[in-house]
Amino acid sequence: MQYQAVRGMRDVLPAEIPLWERLEHEARRLARAHGFREIRPPLVEETALFIRSVGEVTDIVEKEMFSMQKGDAHLTLRPEATAGIARAYLEAGFDKNAPLQRLFTIGPMFRGERPTKGRERQFTQFDVECLGSLDPRLDAECIHMAASFFEALGIEGIEVRVNSMGDGEDRERFREAVKAFVAGQLAERCELCRSRFERNVLRVLDCKTPACVELNKKAPVLVDFLTDANRAHFDAVRSSLVALGRKSEVDTGIVRGLDYYTRTIFELHYPRFGARSAMCGGGRYDHLLRDLGGSDLPAIGFAIGFTGTLILMQELGLAKAVAPAPIDVYVVAAGGGLEARVLALAQALRAGGLSAIYDVESRSVKSQFKAANSGGHPLVVVLGDAEQAAGTAQLKDMRNGTQELVPQAELAARARALLGR
RNA sequence: GUGGGCGUAGCUCAGUCGGUUAGAGCACGAGGUUGUGGUCCUCGGGGUCGGGGGUUCGAGUCCCCUCGCUCACCCCA
């Protein structure tokens, strides 16, 4: 085959569309119920926006961006949605007029990573951002919404894990403490952790090697380093979750990878999936708007990947093929020379509020009926020379085999009656 | 980036020790008397065996290279 979809990007074929529509529908319904409005920023932003927001030394910026140059402009396909929404928020002047904005978007993101199960180079996310407020109830609502999305799709057993990263001052003190803690035990650590010690010491806390897990039990906990204000915020988030009836656990091992996160961070996991258990990630980014040149307003958001969600649904047997609504009427031409009349008849049915198609190959009547049958069309209209001469047509109900002769002018009404509409 | 597995018809796959014209099921098309589906029967179209090179009288089969897919790891939004 000469051309194929580029690595890590795939076609969502018609058969899969009903399932995708279901995910999109649940996402929109949930977001709107919580007062969020849809926003659709461009898929492409200035490269500098991502460097500034996501962080210069992150993997995303270092090696995973799809970038292009057009004239003097350096552009990049969005690797995540937060940066673009934050930019749109500022560009629309929301920070000056109406700081509190509950926004969401659903659409494709791009990362130039090697694809594996559940991870693609173009992937769709349900992304929710609540900008302009530090109220901890919003943190809890975001977490609750994310978990509710999975539940709405019939997925049980999602775990909510929350943590706080502080807001820079206390996080820095924590980092130093971890570094000091790990420095004394490098010999006992796995090779990976020794390299993490240099690159990003906080990742050591996330290590899965048994020996390291044991060592980490005595590691400093960020929560202990929080300032009074940040501690109070974290406690309020947790009590708000209780008020929502949402179970959660504090996981001091969560260390999200992007530079802009502050205070509350959280992940939703499906534990049975092991290494691919992370289904959702999010958190506060209380200084991103300022860093992008706007007012210093706090914000929180999360993103859920559809790819992982769909895999989960498939493995749980929840992705049953939803039969798309069939085309109502298949128009059969019984005889030659009726091409134009069949076309007009199909159009008349459409004008009458029905969906209709006909055979474009001028095949045998038998073939046309076979096509009508395999297409699942409930009704067939048969037009032959005799009917055409009389201004009538046969209307057959494929569900029970009954057939009647109907004046062409009344076809649409009669067909609607048979379909109960 | 590292390692494993896999590339034969639209799909799922078979193809022995290297041996004639590469097969099956499903799907698709045409028929099975007049203009009517589902089941059944008959027939048919469709493959540069991922690509290139090599070994050989002979390669889908063996060797090398390459491309792609996939899984795990690394990393992670």
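Labels below follow one simple rule: chain letters A, B, ... track the order of the sequence lines, proteins then strands, and each chain is numbered from 1.
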Taking atom types as modelled, find out whether Thr402(A) and Asn400(A) have a side-chain donor-acceptor pair closer than 3.5 angstrom. yes
For Phe273(A) and C71(B), what is the distance between atoms CZ and P respectively, to the nearest whole Å? 12 Å
Among A72(B), G37(B), G35(B), which nucleotide has an atom closest to any side-chain atom of Lys117(A)? A72(B)
Does the base of U36(B) carry an N or O that pairs as donor and acceptor with the side chain of Gln403(A) under 3.5 Å? yes
Is there a donor-acceptor contact under 3.5 Å linking the side chains of Thr307(A) and Glu120(A)? yes
Suppose you measure atom C1' in C57(B) against the same atom in A72(B); what distance do you get, rounded to whole Å? 45 Å
For Arg78(A), is there an ion pair with Glu80(A) - N to carboxylate O distance below 4.0 angstrom? no
Atom-pair distance (CD on Glu80(A); C1' on C76(B)), nearest Å: 12 Å
Taking the nucleotide of RNA chain B with the nearest heavy atom to each, does Ser367(A) or Ala334(A) sit closer to the 5' end? Ser367(A)
C1' atom, G15(B) versus U55(B): distance in rounded Å? 22 Å
Is it true that Asp127(A) and Thr105(A) share a donor-acceptor pair across their side chains at a distance under 3.5 Å? no
Given the rule in the ring-ring contact (aromatic ring centres under 6.0 Å, His included) test, do Phe36(A) and Phe104(A) qualify, once you have shown the distances and angles that lead to the verdict? CA-CA 6 Å; Phe36(A) 286 72; Phe104(A) 77 96; 7.4 Å; no
Give a yes/no on whether any side-chain N or O of Ser364(A) is located under 4.0 angstrom from OP1 or OP2 of G35(B). no
Would you kindly give the CG-to-P distance between Asp359(A) and G37(B), to the nearest whole Å? 15 Å
Given the C1' atoms of A22(B) and U16(B), what is the spacing between them in whole Å? 14 Å
Using a 4.0 Å heavy-atom cut-off, does Arg114(A) contact any base of the nucleic acid, only the sugar-phosphate backbone, or nothing at all? base
Arg40(A)/Glu38(A) salt bridge by N-O under 4.0 Å criterion: yes
Need one value for Lys366(A): base, sugar-phosphate or nothing, where a base atom within 4.0 Å counts as base even if backbone is also close, heavy atoms only. base
Both Val6(A) and Pro79(A) contact RNA chain B. Taking the nearest nucleotide for each, which residue is further toward the 5' end? Val6(A)
Between G37(B) atom P and Asp397(A) atom CG, what is the distance in whole Å? 16 Å
Would you kindly say whether Ser277(A) and His269(A) are connected by a side-chain donor-acceptor distance under 3.5 Å? yes
Should Arg276(A) be listed as having a side-chain N or O under 4.0 Å from OP1 or OP2 of A72(B)? yes
Spacing between Ile311(A) atom CD1 and C71(B) atom C1', to the nearest angstrom: 12 Å
Reading 5' to 3' and counting Watson-Crick or G-U wobble pairs with both distances under 3.5 Å, write the dot-bracket notation for RNA chain B, | for bases paired outside the strand. (((((((..((((.....[...)))).(((((.......))))).....(((((..]....))))))))))))....
Can you say whether a donor on the side chain of Gln368(A) sits under 3.5 Å from an acceptor on the base of G35(B), or the other way round? no
Specify the separation, in whole Å, of atom CG of Asn373(A) and atom P of A27(B). 13 Å
Describe the nucleic acid contact of Glu361(A) in one word from base, sugar-phosphate, nothing, applying a heavy-atom distance below 4.0 Å. nothing
Taking the C1' atom in each of G45(B) and A27(B), what is the distance between them to the nearest angstrom? 13 Å
Inter-nucleotide C1' distance (G31(B), C69(B)), Å rounded: 40 Å
Considering just the side-chain nitrogens and oxygens of Arg119(A), establish if one lies under 4.0 Å of OP1 or OP2 belonging to C76(B). no
Say you pick atom C1' in U21(B) and the same atom in C64(B); how far apart are they, in whole Å? 30 Å
If the C1' atom of G68(B) is compared with that of C49(B), how far apart are they to the nearest Å? 16 Å
Phe306(A): ring pair (Phe, Tyr, Trp, His ring centres under 6.0 Å) partners, not counting sequence neighbours: Trp20(A)
Just the rounded figure in Å: distance from C1' of C71(B) to CD of Glu113(A). 15 Å
Picking from G35(B), C73(B), G37(B), the nucleotide nearest the side-chain atoms of Lys370(A) would be G37(B)
Side chain of Lys396(A), base of U36(B): donor and acceptor closer than 3.5 Å? yes
Under a 3.5 Å threshold, yes or no: a donor from one side chain and an acceptor from the other, between Gln388(A) and Gln408(A)? yes
Write down the distance separating the C1' atoms in G47(B) and G53(B), rounded off to the nearest Å. 22 Å
Can you tell me if Arg87(A) and Tyr89(A) form a side-chain donor-acceptor pair at under 3.5 Å? no
How is Ala386(A) classified with respect to the nucleic acid when contacts are heavy atoms under 4.0 Å: base, sugar-phosphate, or nothing? base
Think Arg7(A) has a side-chain N or O under 4.0 angstrom from the OP1 or OP2 of G68(B)? no
Under 4.0 angstrom, heavy atoms only, what part of the nucleic acid is Gly305(A) near: base, sugar-phosphate, or nothing? nothing
From CZ of Arg121(A) over to P of G68(B), roughly how many Å is that when rounded to an integer? 10 Å
